[in-house]
Amino acid sequence: MKRRRRWFPVMEVAAALPVVALAAPAPATLDAVQVQAARVHAVDDFDLPASITTQDVDAHGNGRGVLVSEALGGVPGLLARERQNLAQDTQLSIRGFGARSTFGVRGVRLLVDGVPATMPDGQGQLSHFNLLGAQRIDVLRGPFSALYGNSSGGVVQLWSADGQAGDPWRLRASAGSDNSRSLGLQLRGLAGAMRYNVAASDYRTDGWRRHSAARRQSLNARLGFEMAPGQRLDLLFNVLDAPRAQDPLGLDRTQVREDPRQATAVASLYDTRKSVRQAQAGAVYTLQRSRQTWRLMAYAGQRTVAQFLAIPPAAQANALHAGGVIDLDGGYGGVDARWAWHGTLAARPLELVIGANADRQRQHRSGHENFVGDVLGVRGRLRRDQRDRVGNVDSFAQAWWQFAPRWSLLAGARHSRVDFRSDDRYIAAGNPDDSGRRQYTATTPVAGVVFRAGQDLRLYASAGRGFETPTFNELGYRADGGAGLALDLSPATSRTLELGAKWRIQAGTRLDLSLFHTDTDDELAVASNSGGRSSYRNIGATRRRGMELGWRQPIGEAQHLQLAWTWLQASVREGYLTCSGLPAPCTAPRNPVAPGTALPGVPRQLLQARWDWRPDRWQLAAETVAAGATTSTDLGDGRAPGYALVNLEAARQWHTASGPLRLFARVDNVLDRRYIGSVIVNDGNRRYYEPGADRSWTLGLEWQWSPH
C-alpha cells in the first residue's frame, strides 16, 4: 500500500496526458544559444559540461503573466511553488537548495539582464522579475553554479528582449478568479542608435485565501546603445511597488481539512502584512576588439520593507525581544569587470575569462512593538535599532579548451570574501550592546569534461565545490532567543559530482539526462519558526543525490511535447538534535534526528509535462504537474501529501488592420483537487501548510500594433 501511495501522483500524470500520435517531424533549424550562465560566451550550451535549460517566456504567455513560476514550468531539478501569499513570494529551490527558505529566495543565485537580483548576503527576490518584457530565462544547475559565488546552489537568469527595428508594441489585460486583474504595456523597438524595451505592469488580487489581497506594480526598462563598431552600452532600470500584501500565515492539518481558504485567526487579529518598494539602475558596457571582449557592469538600488507579524504583546515583554514589526531600509550596489580572450592553445580553440566583482549592502533594521495600548497590528514603541552592512569582494577565472577533436575541458575557480557587520544603536536596561562582525572566505574550484560521442550526442562529467553564507534574514534572530545577530553561524560548504548526457537532432528533439551527488557540511537549517520570525542553526552534514530528465519533442509541424522529471533524495548524513516538535520558543534542542531522515521541504519526485498544439491561428495546451509527498519538519512528522494537477490553455489570434489581436484563456487545477502548495518548515505553531488554490481561471486579451 505504501508503494502505491508513493507513485499515485505519477500514475495520475500518465492518465491525464493527452494521447498523441508521433508523426514524422519536419526538418527545423536549431537555435544557437550562447549561454552566459557558465561564463562561456562563444560556446553552445550543448557543448558545456553543465545542466542548462532555457525557457522561452512567450511560450508560457497564456497565464497572468506576473508570477515567475508561470514561466519556470518544465525545468528539471527546479521547484517553484506559489504560496497563495504574495507577502512571502514564490518558494524557489534547485536540487533541494533553497527549499527551507521562509522569506524570499536563498541558496539560488538570481540575475536580471546580467545584474544581480541576489544581495551580497545571498538573499534574493523574484518580485521584481518583469515577465512582460522578458524574452527567456536561463537555469543553470550543478557544480558550475559555484562560479557565481556565495549561495549558488543554482542560477536563474532572466533576459529582456533586445529591441529591433519593426518590433510591435503591445497592450495586455487579463482578469480571473478571486478578482485578480492585470494590465501591462510594453514598448519595444529601435529609435536611431537606441534599442529600447520598456515594460510596465499592474497586478491586483483579492487572493484565493482570506486575508491575502495584494497589489504589485512593476516597471522594467532596457535601453541599448550601439556607440561604435564593437562597443555597446546597456542601461537598465527597474522599479517595484508592492504597497500592501496581506499575509494569511500557515494552517495546521485540521484547519486545512475544515477550510483551506481560511486565514489563521491571528492573521486578521494583528493584520499581518508586508510592503516592499525597490528602485534599481544598472549599466553594462561591452567592448569587442579582435579576439578580446571587455565587459564592465555597475548597478545601485534602494529597497524598503515593512512587515507586521503576529507576535502577542506578552512575548514582547522580554527586554531582549525585537518587537512584532520589522522595518528594513537600505541601499545596495556593485561593480563587475571581466576580460575574455578567444584564441588557440596547441592549435586547439581556447577561451579564457578573468574577472572580479565587489558588492555592498547597507541596511537599517529597526523593530517596533505591533501594538499601542489595546490596539493591535500597528507600529508601536521602538525595540530594535541597528545598522547592518555586508560586502563581498570576489575574483574568478575560467578556461574552456577543446584539447582534442572529440574532447573539451571547462575549468574555473572563484575566491570570495564576504564581510558582515552590525552596529547596535538600541542599548537599554536588560538589552546590552549586540554589535558584532563576521567574515567568511572560500575558494570554489570546478571542472568538467565533455566527450563528443557523435554529431548529436555529448557525454560529460563535472565536479566542484560551493559555499553558502547565512543571509541577513538568517542572522537576524538568534536561536537562543537573545537579541542581536546570530554571528555564530558558519557557512555551509558543499561538494558536487555530476554525470550527464545530451542528445539532439536537427528536427528539434532534445534529451538531457544528469545524475548528481552533493554532500554538504554545516547545513543551514531552520531552528524555530514562530509568528513569522525564523531563527537558524548549523545542523551538520546532509546529502542530495538524484536524477534529472528533460525531453523536448516536436510532433509534426504544429505540436510540441515537453517533459521534465526529477528524482531527488535529500537526507541527513549525521544525526543532530532539533527543536522540531517542542513548544516555541525553544532554546535547547533535544529531539534527535536520525541519519537518513529526509530533509523537509523537498519532494522525492517531481514530474512536469506540457503538450502544445498550434493549428493555424489557434493555440491549445495541456499541462500536468505532479509532486511527491513533502515533509515539513526535521523529524518528518509533518507531511504534505503528494498531488497531481492538470491545467488547460487556449488562445486565438486575429489579424486586424491595427495589428494582431489575441484572446487567451487558462484554467488551473481543472480537476479541482485539494492539495498543499507549499510548506513552512519547522513552524513553531505547527501551522506548516499553505494550501494550493482550487480550480481557477484567467481570461485575457493582448493587442500588438506597430508604432510606425
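Residues Arg216 and Leu67 are in side-chain contact: their nearest non-hydrogen atoms beyond the backbone lie under 4.5 Å apart. A 4.5 Å side-chain heavy-atom check between Arg687 and Gln255 finds at least one atom pair inside the cut-off. Inter-residue side-chain proximity for Asn85 and Glu690 is flagged as met; some heavy-atom pair is nearer than 4.5 Å. Under the 4.5 Å side-chain criterion, counting only non-hydrogen atoms from C-beta, Tyr148 is not in contact with Thr118. Counting heavy atoms from C-beta outward, Asp434 and Ser422 have side chains that stay 4.5 Å or more apart. Annotation: side chain of Val378 is not in contact with side chain of Asn370 (no heavy-atom distance under 4.5 Å). A heavy-atom distance below 4.5 Å is not found between the side chains of Val305 and Gln363. Side-chain atoms of Ser93 and Val602, non-hydrogen and from C-beta on, never get closer than 4.5 Å to each other.
Judged purely by atom type and a 3.5 angstrom limit, Asn150 uses its side chain to pair as donor or acceptor with the backbone of Pro120. Side-chain atoms of Asn682 come within 3.5 Å of backbone N or O of Asp634 as a donor-acceptor pair. Between the side chain of His211 and the backbone N or O of Thr272 there is at least one donor-acceptor pair closer than 3.5 Å. The closest donor-acceptor contact from the side chain of Glu468 to the backbone of Pro491 lies at 3.5 Å or more, if one exists at all. Arg209 contributes a side-chain N or O that, together with a main-chain N or O of Leu249, makes up a donor-acceptor pair within less than 3.5 Å. Between the side chain of Gln246 and the backbone N or O of Ala213, at least one donor-acceptor pair lies under 3.5 Å. Between the Arg383 side chain and the Gln316 main chain, a donor and an acceptor come within less than 3.5 Å of each other. Of the possible polar contacts, one joining the Asn538 side chain to the Asp522 backbone as a donor-acceptor pair under 3.5 Å is found. The main-chain N or O of Gln91 is never found under 3.5 Å from a side-chain atom of Arg81 such that the two would form a donor-acceptor pair. Looking at Ser180, its side chain does come within 3.5 Å of a backbone N or O of Ser177 through a donor-acceptor pair.
How far CG of Leu577 is from CG of Asn591: 8.0 Å, rounded to the nearest 0.5 Å. Here CG of Leu309 is found 11.0 Å from OH of Tyr270. Values are rounded to the nearest 0.5 Å. The NE2 atom of His321 sits 4.5 Å away from atom CD1 of Ile311, with the distance rounded to the nearest 0.5 Å. Note that CG of Asn392 and OG1 of Thr441 are 12.5 Å apart. Values are rounded to the nearest 0.5 Å. The distance from atom CG of Leu269 to atom OG1 of Thr264, rounded to the nearest 0.5 Å, is 11.5 Å. To the nearest 0.5 Å, atoms CG (Leu376) and OG (Ser268) are separated by 12.0 Å.
A cation-pi arrangement is not found for Arg303 relative to Tyr332, the charged atom failing to lie both closer than 6.0 Å to the ring centre and inside a 45° cone about the ring normal.
With sequence neighbours excluded, the residues forming a side-chain contact (heavy atoms from CB on, under 4.5 Å) with Arg674 are Pro260, listed by chain and number. For the salt bridge (Lys or Arg N to Asp or Glu O under 4.0 Å) test, residues two or more places apart in sequence or in another chain that qualify with Arg273 are Asp271. Every residue two or more places apart in sequence or in another chain that forms a side-chain contact (heavy atoms from CB on, under 4.5 Å) with Asp521 is listed here: Thr493, Arg495, Ala541, Arg573.
Ile137 and Leu72 make their closest contact through CG2-CD2, 3.8 Å (heavy atoms, listed as atom of the first residue, atom of the second, distance). Here the closest non-hydrogen pair linking Gly391 and Arg360 is CA-NH1, 3.4 Å. Between Ile427 and Pro432 the shortest heavy-atom distance is CG2-C, 4.3 Å. Taking every heavy atom of both residues into account, Asp424 and Ser435 meet most closely at N-OG, 2.8 Å. Scanning both residues, Tyr675 and Asn669, for their nearest heavy atoms gives CE2-ND2, 3.9 Å. For the pair Leu599 and Ser571, the tightest heavy-atom approach, listed with the atom from each and the gap, is CG-N, 3.9 Å.
More than 12 non-hydrogen atoms from other residues, nucleotides or ligands lie less than 6.0 angstrom from CZ of Arg261.
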**Prompt:** Between Thr304 and Val276, is a side-chain contact (heavy atoms from CB on, under 4.5 Å) present by the stated rule, with each step listed?
**Reply:** CA-CA 6 Å; Thr304 62; Val276 179; over 6 Å; no
**Request:** Let me see the working for Leu568 and Leu79 under side-chain contact (heavy atoms from CB on, under 4.5 Å), right down to the final yes or no.
**Result:** CA-CA 11 Å; Leu568 173 62; Leu79 179 62; over 6 Å; no
**Criterion side-chain contact (heavy atoms from CB on, under 4.5 Å) on Leu92 and Leu78, from CA distance to verdict** = CA-CA 7 Å; Leu92 180 69; Leu78 182 146; 3.9 Å; yes
**Request:** Test side-chain contact (heavy atoms from CB on, under 4.5 Å) on Asp683 and Ser632 and set out the steps.
**Result:** CA-CA 8 Å; Asp683 185 79; Ser632 54; over 6 Å; no
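Partner of Asp423 under the salt bridge (charged side-chain N to carboxylate O under 4.0 Å, His left out) criterion, chosen from Arg365, Arg387, Arg389, Arg437: Arg389.
For the residue pair Asn130 / Ser218, a side-chain donor-acceptor distance below 3.5 Å is found, with atom types taken as modelled. Residues Tyr576 and Glu523 bring no donor and acceptor atom of their side chains to less than 3.5 Å of each other. In the model, Asp202 has a side-chain atom that pairs as donor or acceptor with a side-chain atom of Gln217 under 3.5 Å. Side-chain polar atoms of Glu82 and Thr90 form a donor-acceptor pair below 3.5 angstrom. Donor-acceptor pairing under 3.5 Å is lacking for the side chains of Arg666 and Ser174. For the residue pair Tyr299 / Asp359, a side-chain donor-acceptor distance below 3.5 Å is found, with atom types taken as modelled. Side chains of Asp388 and Gln386: a donor-acceptor N/O pair is present below 3.5 angstrom, by distance only.
Using a 30° and 60° split on the angle between ring planes, Tyr440 and Phe420 fall in the perpendicular class, above 60°.
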